[in-house]
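When a ligand or atom number is given, it counts from 1 through the structure's own listing order. The figures here come from the full heavy-atom set of this structure, side chains too, leaving out hydrogens, waters and symmetry mates.
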Amino acid sequence: MTDAPDIPIRVRPEIAALPPYKQGRQAGSDAFKLSSNENPFDPLPGVVEALQSTTAVNRYPDASAARLRERLAARFGVGPDEVHIGAGSVSILAQLVQATAGPGDEVIYAWRSFEAYPWLAIVAGAKGVQVPLTEDARHDLPAMAAAITDRTRAVIVCSPNNPTGPIVTQAEFDAFVAQVPADVLVMLDEAYSEFVTDPEAVDGARVLASGAHPNVVVLRTFSKAFGLAGLRVGYAIGHRRILDAARSTSIPLSVTAQAEVAAIASLDAEADLLARVAEIAERRDRLADALRETGWRVPAAQGNFVWLPAGDETLSVGQAFDDAGLIVRPFAGDGIRISVGEEAAVQRIVAVAASVIDDLPAGHRGIQASVTR
Ligand SMILES: *Cc1c(COP(=O)(O)O)cnc(C)c1O
């Protein structure tokens with residue numbers, strides 16, 4: 001039990017040791033909020049109408065979100081029981097980690113990656129095993145495979161990787177999964193899959209269709225490309241019995257009727273939404289190229305965000321963005337993630353990046369090797 005002096009009750013020590021959650025700052029009126037990888041576009045009219053038609057908030061939602069499950073099942077060519085809906089895909093990740101790993105067990109993931117992963121393992125009472133990214137900020141899948149022990153219960157692969165941006169290729173993923181014991185869960189977190197333009201990228205739908213690896217579960221969300229972050233809805237596709245285990249650890253009725261109808265309306269409006277996604281992907285490529293032209297070493301960006309490896313200078317560089325009315329997400333000692341938001345923010349981002357790069361010490365890892373200063 002804890003001896004944390006400021007907690008009035010006994011709390012599990014590993015929980016007491018967790019830093020309190022800090023959300024990305026809310027933007028002031030003239031600032032751009034580029035800290036949470038949100039979609040800058042307003043919801044489409046069909047989505048707003050669907051929400052307005054769901055006013056029976058005195059009733060509980062359908063516990064299994066059957067209509068949305070059927071819709072997604074048809075799209076992925078699977079049965080409805082091979083789809084599981086959660087209040088955001090983060091909650092499904094938590095369910096799957098809880099279902100597979102407890103005290104003494106290990107959960108492997110790349111680092112740096114999604115900030116929720118360490119927390120998922122700790123809350124389950126398991127041990128998180130972090131495998132460093134490569135020099136170019138990509139998953140080191142051979143090293144992740146080598147990290148598997150007989151205590152490993154789950155591995156998380158994030159493609160494109162949040163917050164650094166690169167994808168895992170299909171070939172890399174296939175070679176990796178072939179090395180993972182068949183009874184170890186592999187969660188392929190594809191929160192940003194809709195933004196991917198690299199044809200080499202792993203595609204969870206293809207992995208599932210091959211049927212070769214029933215231990216792989218694919219996770220996607222309506223929060224990013226579909227712009228429903230505020231409603232909390234995501235999904236997993238995979239083996240029925242694995243998803244049953246997730247359902248058993250889930251908090252019942254946490255997916256609201258509003259989230260379900262908005263997700264269905266978004267799928268109805270998919271063509272319009274994907275046109276917006278293409279616009280964001282184009283803006284991302286332009287932003288990443290412009291940042292590289294300033295001399296920053298920006299890794300491949302395949303999500304709706306770019307990464308500046310600011311290292312030890314992260315907090316001071318982050319402050320420069322803040323001063324310019326750009327709310328970004330600094331990860332102290334490592335780098336800065338900047339979401340691709342409004343078009344009007346692009347030039348401002350590039351201007352700040354160009355102004356701070358001269359302050360970086362010579363040989364800093366955030367500066368491209370070819371740039372001589
Ligand atoms: C945003 C994100 C998610 C899911 O977010 P939800 O809003 O909970 O659906 C999952 N994984 C990664 C890597 C993310 O960045």
Identity and separation of the nearest protein heavy atom to atom 1 (C) of ligand 1:
Lys224 NZ, 1.3 Å
Below a 4.0 angstrom heavy-atom separation, can you tell me which part of Ser223, side chain or backbone, both or neither, approaches ligand 1?
side chain
State if Cys158 counts as touching ligand 1 under the rule of any non-hydrogen atom under 4.0 Å.
yes
Provide the full list of salt bridge (charged side-chain N to carboxylate O under 4.0 Å, His left out) pairs with a residue in residues 247-271, sequence neighbours left out, each pair given once.
Arg71-Asp268, Arg75-Glu270, Asp244-Arg247
Quick one: do Glu342 and Lys33 make a salt bridge, cutoff under 4.0 Å?
no
Any idea which part of Asn162 is under 4.0 Å from ligand 1, heavy-atom wise: side chain, backbone, both or neither?
side chain
So do the side chains of Phe305 and Arg329 get within less than 4.5 Å of each other, counting heavy atoms only?
no
Short question: side chain of His213, backbone of Leu208 - any donor-acceptor pair under 3.5 Å?
no
Residue and atom name of the nearest protein heavy atom (relative to atom 8 (O) of ligand 1), distance in Å to one decimal
Arg232 NH2, 2.8 Å
Could you check whether Arg240 pairs with Glu82 (Lys NZ or Arg NE/NH1/NH2 to Asp/Glu carboxylate O, under 4.0 Å)?
no
Considering heavy atoms of the protein only, find what lies nearest to atom 11 (N) of ligand 1 and give residue, atom and distance to 0.1 Å.
Asp189 OD2, 2.6 Å
Out of Asn37, Val298, Leu326, Ile349, which residue meets the side-chain contact (heavy atoms from CB on, under 4.5 Å) rule with Ile338?
Ile349
Any N/O of Val90 closer than 3.5 Å to an N/O of ligand 1?
yes
Shortest protein heavy-atom distance from atom 4 (C) of ligand 1, along with the residue and atom involved:
Ser89 OG, 3.0 Å
Electrostatic pair Glu190:Lys224 at N-O distance under 4.0 angstrom:
no
Does Thr221 reach ligand 1 with a nitrogen or oxygen that is under 3.5 Å from one of the ligand's nitrogen or oxygen atoms?
yes
Could you tell me whether Tyr192 approaches ligand 1 through its side chain, its backbone, both or neither, with non-hydrogen atoms closer than 4.0 Å?
side chain
Salt-bridge present (Arg292, Asp285; N to O < 4.0 Å):
no
Which ligand 1 atoms are under 4.0 Å away from a heavy-atom of Ala191?
2 (C), 3 (C), 10 (C), 11 (N), 12 (C), 14 (C)
